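Everything on this sheet refers to the single structure shown next.
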Amino acid sequence: MFWKKQTDFTQLWSELSLFTRRDVTQGIKLAKYKKAAGTLLKSDPGSGHALMGLVACLEHDLSSMHAQHLKAIELSQSCLPLMYYALSLEKSCLWNECAKYTLLALDLAPQDPKLLNAALRIAPLTGRFSLQKRLLQQWQESHEGVRHPDQGHFDALNGSLAKHGLLEKDLKQVITALGDAFCESDAILLKHRYELVPLKDASCFIHYRFLLPDNLVASYYEDLIAAKLDAAACHPRIFDVFSFSVENETMYELYDYMDRELGESADTIKVPDPEQIKLIEELVAGVEV
């Protein structure tokens, strides 16, 4: 019902979604989409403005992006314009605003699983794990009581923050600074995820991983983020429980493969005998290789 087919618009949106960066110099590449959006404005103004909003996003013109999407929302009472705006906001790394409009769409269609999953995807990028906890409860109710794999993350992370005298707002502040750095750059993230790393004292450490296309230099964006964090008024102890990495697609997939291999072979991996290692070291001592 809510995800009805709009053939021309859907095709154009899908093509634009393949762009790997946002840049003001992409005028020639985007010209045909501007023309198509102009045609759509006559037959389906809401879709036309939404498409113009995504084009503006890819041109890194945030003010035009906001104006076009808000116009599309004015013309419709459906959840779709809200969701399309949220998608452009996510591409722009404006994660708090993205969460806001995703939740507004979810309010109009609370039973729509795509909207709920979209809200769950963006919630960790706001630093509001209390929001994630509420959404996970909604997810569990819609899945006949089955627990989501991320259930309990709020309690674990909140406990770690408390051990260091931190609050959820401190995590939110540092992630907002990270999003601001991405927003000011031309990068479009392909994927993002977080991991809760257990520590010896029963607390945990949260690590965010961001995936970029292989044609972008990951270390460049890591430096941009580091500079933004240095300038931000973040709580100094937040870095005791928070870190991030920016990775290219190939490296990300390699790490993912290694993680799966380790997980599958955990029961067969044997720790070397320290005595045997010592004996080998004595045998090869002084031997030139």
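Values below: all heavy atoms of this structure, side chains included; hydrogens, waters and symmetry mates excluded. Computed from a predicted model, the values in this text were never measured in an experiment.
Here Lys172 contributes atom NZ and Leu125 contributes atom CG; the two are 12.5 Å apart, rounded to the nearest 0.5 Å. Between Asp44 atom CG and Ser76 atom OG the span is 9.0 Å, to the nearest 0.5 Å. Atom-to-atom distance recorded for Asn215:CG and Glu249:CD is 10.0 Å, nearest 0.5 angstrom. Within the model, atoms OG1 of Thr126 and CG of Asn96 stand 6.0 Å from one another, a figure rounded to the nearest 0.5 Å. Distance check, rounded to the nearest 0.5 Å: NE2 of His69 to CG of Leu87 gives 8.5 Å. Atom NE2 of His207 is separated from atom OG of Ser243 by 4.5 Å, given to the nearest 0.5 angstrom.
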- Query: Where do Tyr221 and Phe210 land on the side chain to side chain contact (heavy atoms under 4.5 Å, CB included) test, with the steps shown first?
  - Reply: CA-CA 10 Å; Tyr221 297 92; Phe210 300 96; over 6 Å; no
- Task: Could you please spell out the steps behind the side chain to side chain contact (heavy atoms under 4.5 Å, CB included) verdict for Leu115 and Cys79?
- Result: CA-CA 9 Å; Leu115 288 174; Cys79 65; 4.0 Å; yes
- Task: Start with the C-alpha gap between Leu116 and Ser142, add the side-chain angles, then the distance that decides, and say whether side chain to side chain contact (heavy atoms under 4.5 Å, CB included) holds.
- Result: CA-CA 10 Å; Leu116 179 55; Ser142 67; 4.1 Å; yes
- Task: Quick one: do Glu247 and Lys191 satisfy salt bridge (Lys or Arg N to Asp or Glu O under 4.0 Å)? Show the steps, please.
- Result: CA-CA 10 Å; Glu247 302 160 14; Lys191 293 180 185 176; over 6 Å; no
- Task: Quick one: do Leu229 and Phe244 satisfy side chain to side chain contact (heavy atoms under 4.5 Å, CB included)? Show the steps, please.
- Result: CA-CA 11 Å; Leu229 290 175; Phe244 75 93; 3.7 Å; yes
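Contact annotation: the side chain of His66 approaches that of Glu97 to within less than 4.5 Å [non-hydrogen atoms, C-beta and beyond]. Residues Leu157 and Leu171 have side chains in contact (heavy-atom distance under 4.5 Å, counting atoms from C-beta outward). Looking only at side-chain heavy atoms (C-beta outward), His192 and Arg209 stay at 4.5 Å or farther from each other. Taking 4.5 Å as the limit, some side-chain heavy atom of Leu136 sits within range of a side-chain heavy atom of Gln151. The closest side-chain heavy-atom distance from Thr20 to Ile188 is not below 4.5 Å. Side chains of Val197 and Cys204 form no contact here, defined as non-hydrogen atoms less than 4.5 Å apart. When side chains are defined from C-beta on, Leu167 does not count as touching His235, because their heavy atoms never get closer than 4.5 Å. At least one side-chain heavy atom of Leu189 sits less than 4.5 Å from a side-chain heavy atom of Cys93.
When the options Met52, Glu90, Gln68, Lys91 are evaluated for a side-chain contact (heavy atoms from CB on, under 4.5 Å) with Cys57, the one that passes is Lys91. Looking at Trp95, Tyr85, Tyr84 one by one, the single match for ring-ring contact (aromatic ring centres under 6.0 Å, His included) with Tyr101 turns out to be Tyr85.
Relative ring orientation between Trp139 and His148 is described as perpendicular, the plane-to-plane angle rising above 60° on a 0-90° scale split at 30° and 60°. Note on ring orientation: taking the six-membered ring where Trp is involved, the planes of Phe19 and Tyr33 are perpendicular (angle over 60°, cut-offs 30° and 60°).
Linking ILVMFWY side-chain heavy atoms closer than 4.5 Å, directly or via other members, places Leu75 and Leu104 in two distinct hydrophobic clusters. If you chain together hydrophobic residues whose side chains sit under 4.5 Å apart, Ile225 and Leu216 fall into the same group. In this structure, Tyr220 is a member of the same hydrophobic cluster as Leu212, with clusters built from ILVMFWY side-chain heavy atoms closer than 4.5 Å. Follow the hydrophobic side-chain contacts under 4.5 Å out from Phe154 and you reach Tyr208 in the same cluster. Under the 4.5 Å side-chain heavy-atom criterion for Ile, Leu, Val, Met, Phe, Trp and Tyr, Leu70 and Leu89 are members of the same hydrophobic cluster.
The two atoms that bring His153 and Leu196 nearest to each other are CG-CD1, 3.6 Å, heavy atoms only. The two atoms that bring Ala86 and Thr102 nearest to each other are CB-OG1, 3.3 Å, heavy atoms only. Nearest heavy atoms, Leu62 versus Ser92: CD2-OG, 3.7 Å. Shown here for Leu166 and Arg237, the closest heavy-atom pair between the two residues is CD1-O, 3.6 Å. Nearest heavy-atom pair across Ala218 and Val246 is CB-O, 3.4 Å. Closest non-hydrogen pair, Ala105 versus Met83, comes out as CB-N, 4.3 Å.
Under a 4.0 Å N-O distance rule, the pair Lys114/Asp112 does not qualify as a salt bridge. Taking the charged nitrogens against the carboxylate oxygens, Glu59 and Arg22 have no contact shorter than 4.0 Å, which rules out a salt bridge. The pair Asp155-Lys133 meets the salt-bridge criterion, since a charged nitrogen lies less than 4.0 angstrom from a carboxylate oxygen. Between Glu15 and Lys29 there is no salt bridge, since no side-chain nitrogen of the basic residue lies less than 4.0 Å from a carboxylate oxygen of the acidic one.
Residue pairs satisfying the side-chain hydrogen bond (donor to acceptor under 3.5 Å, both in side chains) criterion with at least one member in residues 158-168, sequence neighbours excluded, are listed as follows: Ser130-Glu168.
A donor-acceptor contact shorter than 3.5 Å is absent between the side chain of Ser64 and the backbone of Asp61. In this structure, Thr39 contributes its side chain and Lys35 its backbone to a donor-acceptor pair below 3.5 Å. Formation of a donor-acceptor pair under 3.5 Å by the Asn117 side chain with backbone atoms of Pro113 is found in this model.
Counted within 6.0 Å of CZ on Phe239, heavy atoms from surrounding residues, nucleotides or ligands total more than 12; the atom is thus considered enclosed. By the 6.0 Å contact criterion, CG on Leu18 is enclosed, its count of non-hydrogen atoms from other residues, nucleotides or ligands being greater than 12.
A donor-acceptor contact closer than 3.5 angstrom is absent between the side chains of Thr10 and Asp8. For the 3.5 Å distance criterion, the side chains of Glu141 and Gln137 fail to qualify, holding no donor opposite an acceptor.
Taking the six-membered ring wherever Trp is involved, the centroid distance between the rings of Phe242 and Tyr194 does not fall below 6.0 Å.
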